[in-house]
Amino acid sequence: MAWNNQSVTTEFILQGLSSSWELQIFYFLFFSIVYAATVLGNLLIVFTIVSEPRLHSPMYFLLGNLSFIDMSLASFATPKMIADFLSEHKAISFEGCITQIFFLHLLGGAEIVLLISMSFDRYVAICKPLRYLTIMNWRMCVGLVTLSWIVGIFHAMSQLAFTLNLPFCGPNEVDSFFCDLPLVIKLACIDTYILGVFMILTSGMIALVCFILLVISYTVILVTVWQRSSGGSSKALSTCSAHFTVVTFFFGPCIFIYVWPFTNFPIDKVLSVFYTIFTPLLNPVIYRNLRNKDVKDSMRKLSSHVFKSSKTDHTP
């Protein structure tokens, strides 16, 4: 396959979520609140895990890293989307577009590996409890987190390997609020069928296979939990339910978008909003509300400590 390396297009126009000015004002206020809640909620989880000694365990170490990735995933495109709601010319430079694609696949690839690591952690804790601390030692935990970022980097680079040299010399309107690879390569001045197949194999099918493996993994874990009558079964069940909820809401939209990159469905834009904005918010909401007593108690303790310190500082 040969093509001209010169890209005439220097910027892309993001069509956003709506052309209605009233809706854009509503979206500006709504997504500003959601984004602030996402960042603050995930920051609270990270800070709580770092500051609370009883949360210095493999499961919460992985959860803290997941919160960091989710916070980053919510930040690669959302601030620009919010700013664009107040702008008539929703443009992004070619370099900015490529940067968004890179960070989307970097963070998405890292999160996939981290979610698999969290599933492995729960499998060892529930199915092999006597060997848990031996298997899930700190070297293993750091290795899993490092692996997630390495996989994310290689995945992002593989997606951009051919995209960077595509000739863009015609339409430059992206039917979304950020640059997503399936939408951008459609604007190239050549036949991108082979790249579409490559995308299916490296993004869609990988996400689908990983999701199926995670479903099997959590099924084994839940069967093991139900076969036991120990006092810790309820806690294990709630923790696994929280994990699986995050897995489902993250993988569902990704699979739908990247398994069918040749067809642009109206729901694609909604799913893009979901996995880049709403899914990162699930972490603090789920782990704060779904009976995860350790996190809830630690957050209360941290909030109480901060409140008392603030009250003491303002006492004359």
Side-chain angles (χ1 to χ4, degrees), residues 1-17 72-73 75-78 80-81 84 89-112 151-211 250-277 279:
M1 182 185 300
W3 55 73
N4 187 353
N5 287 335
Q6 300 298 321
S7 295
V8 176
T9 300
T10 59
E11 68 175 18
F12 294 97
I13 305 300
L14 303 174
Q15 293 186 359
L17 298 179
S72 302
L73 185 62
S75 300
F76 86 96
T78 307
K80 175 167 176 53
M81 178 193 72
D84 281 345
H89 187 61
K90 300 174 177 58
I92 184 172
S93 67
F94 179 83
E95 293 77 12
C97 186
I98 294 298
T99 300
Q100 283 193 344
I101 294 174
F102 174 80
F103 278 106
L104 171 63
H105 288 275
L106 165 65
L107 297 168
E111 180 149 343
I112 286 177
V151 170
I153 290 173
F154 275 97
H155 175 65
M157 294 301 293
S158 71
Q159 300 302 296
L160 295 181
F162 300 104
T163 310
L164 283 173
N165 291 323
L166 286 176
F168 296 96
C169 53
N172 68 337
E173 292 188 354
V174 179
D175 188 20
S176 185
F177 60 93
F178 70 96
C179 287
D180 201 358
L181 194 57
L183 298 175
V184 172
I185 65 172
K186 288 180 181 179
L187 302 178
C189 300
I190 62 167
D191 183 8
T192 56
Y193 178 82
I194 295 178
L195 286 179
V197 173
F198 176 77
M199 196 188 316
I200 293 174
L201 295 176
T202 58
S203 293
M205 294 309 298
I206 289 177
L208 179 60
V209 170
C210 289
F211 178 69
F250 176 77
F251 277 94
C254 292
I255 292 171
F256 189 90
I257 290 173
Y258 288 99
V259 168
W260 293 281
F262 299 108
T263 306
N264 187 20
F265 297 98
I267 199 175
D268 283 0
K269 197 176 293 188
V270 176
L271 294 177
S272 296
V273 171
F274 203 88
Y275 82 86
T276 59
I277 299 176
T279 299

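Here the structure is a predicted model, which is why all the values come from computation and not from measurement. Side-chain atoms are counted along with the backbone in the values below, which use heavy atoms only and exclude waters and symmetry mates.
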Legend entry - For the student: nearest non-hydrogen atoms of L183 and L187, plus distance: O-CG, 3.7 Å
Inset, instruction - Return the set of residues passing side-chain contact (heavy atoms from CB on, under 4.5 Å) with F211 (not counting sequence neighbours), or none when no residue passes. - result: V215, V247, T248, F251, I255
Inset, instruction - Report the residues that fulfil side-chain hydrogen bond (donor to acceptor under 3.5 Å, both in side chains) with N172, sequence neighbours left out, ordered by chain and then residue number. - result: none
Inset, instruction - Identify, with sequence neighbours excluded, every residue that meets side-chain hydrogen bond (donor to acceptor under 3.5 Å, both in side chains) alongside T163. - result: none
Inset, instruction - Over all heavy atoms of both residues, which pair between F168 and V184 is shortest? Give the atoms and the distance, please. - result: CE2-O, 3.2 Å
Legend entry - CZ (F198) with more than 12 external heavy atoms under 6.0 Å: yes
Inset, instruction - Keeping to residues at least two apart or across chains, list the side chain to side chain donor-acceptor pair (under 3.5 Å) pairs with something in residues 93-111. - result: H105-H155
Legend entry - C179: partners by disulfide bond (SG atoms under 2.5 Å apart), with sequence neighbours left out: C97
Legend entry - Sub-4.5 Å side-chain heavy-atom contact between I92 and I13: no
Legend entry - Residues forming a salt bridge (charged side-chain N to carboxylate O under 4.0 Å, His left out) with K90, sequence neighbours excluded: none
Legend entry - For C254, all residues meeting disulfide bond (SG atoms under 2.5 Å apart), sequence neighbours excluded: none
Inset, instruction - For K269 and G16, indicate whether the former's side chain and the latter's backbone hold a donor-acceptor pair under 3.5 Å. - result: yes
Inset, instruction - Return the set of residues passing side-chain contact (heavy atoms from CB on, under 4.5 Å) with V273 (not counting sequence neighbours), or none when no residue passes. - result: L17, F31, F177, I277, F278
Inset, instruction - Grab the two heavy atoms, one from V151 and one from G109, that are nearest each other, plus how far apart they are. - result: CG1-O, 4.4 Å
Legend entry - Under 3.5 Å: donor-acceptor pair, side chain of T279, backbone of F274: yes
Legend entry - Partners passing ring pair (Phe, Tyr, Trp, His ring centres under 6.0 Å) against F178 (at least two apart in sequence or in another chain): F76
Legend entry - K80 side chain reached by L14 side chain, heavy atoms, under 4.5 Å: yes
